[in-house]
Amino acid sequence: MPFVKQPAAAEPPWHEWDRKAQKSGLRHTVFAVTGDRYTGEWLDNLRHGKGTQIWKRTGAVYSGDWKFGKRDGYGSYSIPDPVTKEYKKVYTGWWKNDKKCGRGTRFYAGGERYEGEWSGGQRSGWGRLYRRDGCVYEGQWRRDRPCGQGMLRLPNENRYEGGWKDGKKHGPGKFFYLDTGQLFEGVWAADVPKCGIMIDFGRDEAPTPTQYPIPKV
């Protein structure tokens with residue numbers, strides 16, 4: 001008996017509707033039921049590629065790279081000033097899985113700024129923090145706090161170099177009192193110097209040296 005080719009079954013009409021509804025490759029603007037708005041590239045109905053998201057409730061804006069619906073790659077996040085309504089940057093740098101990861105700069109209220117490495121949305125690795133009081137910390141970070149080796153420079157140029165733990169001076173370190181021409185070298189625990197020695201250091205160049213030099217032991 002000869003083989004007779006059967007005609008292909010007609011494709012249900014909703015298959016074609018689904019294909020037309022899929023957003024891939026091209027740029028589209030889509031509004032969520034919450035009022036949030038995304039304009040950018042898509043892949044399989046997920047934000048993927050370059051795009052900008054605006055959150056209606058806060059007015060926050062993210063513009064940059066996306067990967068399968070999450071911020072991933074390089075991008076910037078900004079929020080409107082509650083008084084002037086002008087946008088100010090909060091973070092510019094790298095992201096992974098919707099969290100800050102890699103190198104980036106975070107801007108805080110009062111003019112503080114952190115430049116350095118991130119992991120899982122927290123400051124982690126090597127970074128520099130410019131504080132509002134004029135101090136600058138540069139060194140290692142872990143779980144959003146100074147931890148490891150680092151240097152804290154005060155506005156009068158005095159500085160601490162040594163160990164840190166949970167955001168506090170901890171372990172062996174040196175404190176340079178450049179205003180008086182002295183150096184303390186010792187061991188700290190939770191920001192408190194526990195033991196050490198104080199010697200004259202650059203006394204002749206110090207702007208306000210102590211009245212009497214420290215006797216040599």
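No hydrogens, no waters, no symmetry mates; every other heavy atom, side chains included, goes into these values.
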Quick check for you: to the nearest 0.5 Å, what is the distance between [X] atom [atom1] and [Y] atom [atom2]?
{"X": "Asp65", "Y": "Trp94", "atom1": "CG", "atom2": "CH2", "answer": "7.0 Å"}
{"X": "Asp144", "Y": "Gln122", "atom1": "CG", "atom2": "CD", "answer": "5.0 Å"}
{"X": "Thr39", "Y": "Ile54", "atom1": "OG1", "atom2": "CD1", "answer": "6.5 Å"}
{"X": "Arg131", "Y": "Arg153", "atom1": "CZ", "atom2": "CZ", "answer": "12.0 Å"}
{"X": "Leu46", "Y": "Tyr38", "atom1": "CG", "atom2": "OH", "answer": "10.0 Å"}
{"X": "Ser124", "Y": "Arg142", "atom1": "OG", "atom2": "CZ", "answer": "8.0 Å"}

Would you say [X] and [Y] make side-chain contact, with heavy atoms under 4.5 Å?
{"X": "Tyr62", "Y": "Trp55", "answer": "yes"}
{"X": "Thr34", "Y": "Arg57", "answer": "no"}
{"X": "Arg71", "Y": "Trp66", "answer": "yes"}
{"X": "Asn158", "Y": "Asp179", "answer": "yes"}
{"X": "Thr180", "Y": "Pro209", "answer": "no"}
{"X": "His48", "Y": "Lys67", "answer": "yes"}

**Prompt:** Does Arg203 have any side chain to side chain donor-acceptor pair (under 3.5 Å) partners at least two apart in sequence or in another chain, and if so, which?
**Reply:**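 Once residues adjacent in sequence are excluded, the partners of Arg203 under the side chain to side chain donor-acceptor pair (under 3.5 Å) criterion are Thr210.
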Flag, side chain of [X] to backbone of [Y], donor-acceptor distance under 3.5 Å:
{"X": "Glu161", "Y": "Lys174", "value": "no"}
{"X": "Glu138", "Y": "Met151", "value": "no"}
{"X": "Asp98", "Y": "Lys70", "value": "no"}
{"X": "Trp164", "Y": "Gly150", "value": "yes"}
{"X": "Trp188", "Y": "Gly173", "value": "no"}
{"X": "Ser63", "Y": "Thr52", "value": "no"}

**Prompt:** Please walk me through it: do Glu112 and Arg132 pass salt bridge (Lys or Arg N to Asp or Glu O under 4.0 Å)?
**Reply:** CA-CA 5 Å; Glu112 291 193 353; Arg132 69 181 68 185; 3.6 Å; yes
**Request:** Would you mind checking if Asp36 and Lys56 are paired as a salt bridge, meaning a charged N to carboxylate O distance below 4.0 Å?
**Result:**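 Salt bridge flag = no for Asp36 with Lys56.
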**Prompt:** Transitively linked via ILVMFWY side-chain contacts under 4.5 Å: Tyr74 with Trp118?
**Reply:**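 No: no chain of side-chain contacts under 4.5 Å links Tyr74 to Trp118.
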**Asked** Is there a chain of hydrophobic side chains (I, L, V, M, F, W, Y, each step under 4.5 Å between heavy atoms) that links Ile214 to Leu183?
**Response**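 No: no chain of side-chain contacts under 4.5 Å links Ile214 to Leu183.
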Exercise: identify the closest heavy-atom pair between [X] and [Y]:
{"X": "Gln149", "Y": "Trp126", "answer": "O-CZ3, 4.0 Å"}
{"X": "Tyr114", "Y": "Gly127", "answer": "OH-CA, 3.6 Å"}
{"X": "Tyr77", "Y": "Ala60", "answer": "OH-CB, 3.3 Å"}
{"X": "Pro193", "Y": "Asp191", "answer": "CD-O, 3.8 Å"}
{"X": "Cys135", "Y": "Leu154", "answer": "SG-CD2, 3.6 Å"}
{"X": "Ala189", "Y": "His170", "answer": "CA-ND1, 3.5 Å"}

**Prompt:** So does Arg159 have more than 12 non-hydrogen atoms from other groups sitting under 6.0 Å from CZ?
**Reply:**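 Enclosed.
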**Item:** Phe201 and Phe176 aromatic centres sub-6.0 Å
**Value:**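 Ring-ring flag for Phe201/Phe176: true, centres closer than 6.0 Å.
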**Prompt:** Does a side chain donor of either Thr92 or Ser76 reach within less than 3.5 Å of an acceptor in the other side chain?
**Reply:**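 Side-chain D/A pair, Thr92 to Ser76: absent.
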**Prompt:** Going through the distances and angles, do Arg128 and Glu115 end up as a salt bridge (Lys or Arg N to Asp or Glu O under 4.0 Å)?
**Reply:** CA-CA 5 Å; Arg128 182 186 295 116; Glu115 301 172 349; 3.6 Å; yes
**Request:** Using the ring of Phe107 (Phe, Tyr or Trp, six-membered ring only), decide whether Lys88 places NZ or CZ under 6.0 Å from its centre and within 45 degrees of its axis.
**Result:**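 The answer is no; the distance or angle limit is not met.
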**Item:** Six-ring centre of Tyr108, Arg106 cation under 6.0 angstrom, axis tolerance 45°
**Value:**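 Checked: cation-pi criterion met.
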**Request:** Please work out whether the ring planes of Tyr160 and Phe175 are parallel, tilted or perpendicular, with thresholds of 30° and 60°.
**Result:**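 Rings of Tyr160 and Phe175: tilted, 30 to 60°.
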